[in-house]
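Side chains included, hydrogens not; waters and symmetry mates left out as well; all remaining heavy atoms used.
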Amino acid sequence: MKANLGMDMAEIVIQTIEGIIAKNDGATLEQINDELIIKGLELGFLDLLKKEYSDLTPILMGNFDYDEKTELFTLKKDAKFKSHIDVKLRIKYYLISYLRRMEREKKNSSFDEIVLHLLPLLKNGTTPENQTILSVLEDIGERIGEDSWILKREGQLSLF
């Protein structure tokens, strides 16, 4: 079934879900529903969306990880985005995830270690330049010493 856009509705649903997860570093069912309703209204297929995807549970549980404590859906560990999402948004999502893990493990990472970890995850079309990764890292991270990075504290992070 096409949505008069040349794009399969399932692709639009997955792209919308991945987009809201990347934007918010995880998303609740309510956030995902809200975003899908907006997308359906914008693209004129809300009625088809309601008919075909009245229950998102199978799609969400099959394609994403769910944390019962935070009630957030996230990408499966080491999974890549299936749809095209802006490269800076993808970089930000993976950087936050990686830096949080390093924080839990009480480790700091050098820029080279960060790039080595991120590049395989970002190979979804064109590979970003190190400078692009660095610019996103400077927005969400904080340099410690010569070449170590940590995630900025909660009050310091901004979406854009």
Quiz prompt | Side chain to side chain, Asn24 and Leu72, heavy atoms closer than 4.5 Å | solution = no

Practice problem: Under the side chain to side chain contact (heavy atoms under 4.5 Å, CB included) rule, collect the residues that match up with Ser97, sequence neighbours excluded. | Solution: none

Self-check item: Note: Lys92-Asp139 ion pair, threshold 4.0 Å (strictly below)
Solution: no

Quiz item: Is there a side-chain contact between Asn63 and Lys76, using heavy atoms and a 4.5 Å cut-off?
Solution: no

Quiz item: Hey, does the side chain of Gln31 reach the backbone of Thr28 with a donor-acceptor pair shorter than 3.5 angstrom?
Solution: yes

Quiz item: Applying the 4.5 Å side-chain criterion to the ILVMFWY set and letting contacts propagate, would Leu151 and Leu116 be lumped into a single cluster?
Solution: no

Quiz prompt | Pairwise distance NE2(His117) to CG(Leu99) - rounded to 0.5 angstrom | solution = 9.0 Å

Self-check item: Which residues share a salt bridge (Lys or Arg N to Asp or Glu O under 4.0 Å) with Glu113, sequence neighbours left out
Solution: none

Practice problem: State which residues pass salt bridge (Lys or Arg N to Asp or Glu O under 4.0 Å) with Glu105; sequence neighbours excluded, sorted by chain then number. | Solution: Arg101, Lys107

Quiz item: Do Glu103 and Asn108 touch side chain to side chain, with heavy atoms closer than 4.5 Å?
Solution: no

Exercise. With sequence neighbours excluded, tell me which residues meet side chain to side chain contact (heavy atoms under 4.5 Å, CB included) with Asp147.
Key: Ser110, Phe111, Arg143, Trp149

Quiz item: Looking at CG of Leu137 and CD1 of Ile114, how far apart are the two atoms once the value is rounded to the nearest 0.5 Å?
Solution: 5.0 Å

Self-check item: For the student: nearest non-hydrogen atoms of Met102 and Ser109, plus distance
Solution: CG-OG, 3.3 Å

Quiz prompt | Between CZ on residue Phe73 and CD1 on residue Ile32, distance to nearest 0.5 Å | solution = 5.5 Å

Quiz prompt | Partners passing side chain to side chain contact (heavy atoms under 4.5 Å, CB included) against Ile37 (at least two apart in sequence or in another chain) | solution = Leu41, Leu46

Quiz item: Do Asp65 and Leu75 touch side chain to side chain, with heavy atoms closer than 4.5 Å?
Solution: no

Quiz prompt | NZ on Lys106 to CZ on Arg104, rounded to 0.5 Å | solution = 11.0 Å

Self-check item: From CD1 (Ile17) to CG (Leu29), nearest 0.5 Å
Solution: 9.5 Å

Quiz prompt | Nearest-0.5 Å distance, CD of residue Glu138 to CD1 of residue Ile140 | solution = 11.0 Å

Quiz item: Are Tyr66 and Ile14 linked, directly or through other ILVMFWY residues, by side chains that come within less than 4.5 angstrom of each other?
Solution: yes

Quiz item: What do the steps show when you test Asp67 against Thr74 for side-chain contact (heavy atoms from CB on, under 4.5 Å), and what is the final call?
Solution: CA-CA 8 Å; Asp67 183 335; Thr74 56; over 6 Å; no

Quiz item: Given Ile133 and Leu119, is the side-chain contact (heavy atoms from CB on, under 4.5 Å) satisfied, shown in steps?
Solution: CA-CA 9 Å; Ile133 295 172; Leu119 281 181; 4.1 Å; yes

Quiz item: Can any side-chain N or O of Ser148 pair as donor or acceptor with the backbone N or O of Gly145 at less than 3.5 Å?
Solution: no

Quiz item: Mind checking whether Val136 and Ile150 sit in one hydrophobic cluster, side chains of I, L, V, M, F, W, Y counted as touching below 4.5 Å?
Solution: no

Quiz item: Residues in side chain to side chain contact (heavy atoms under 4.5 Å, CB included) with Asp55, at least two apart?
Solution: Thr57, Pro58

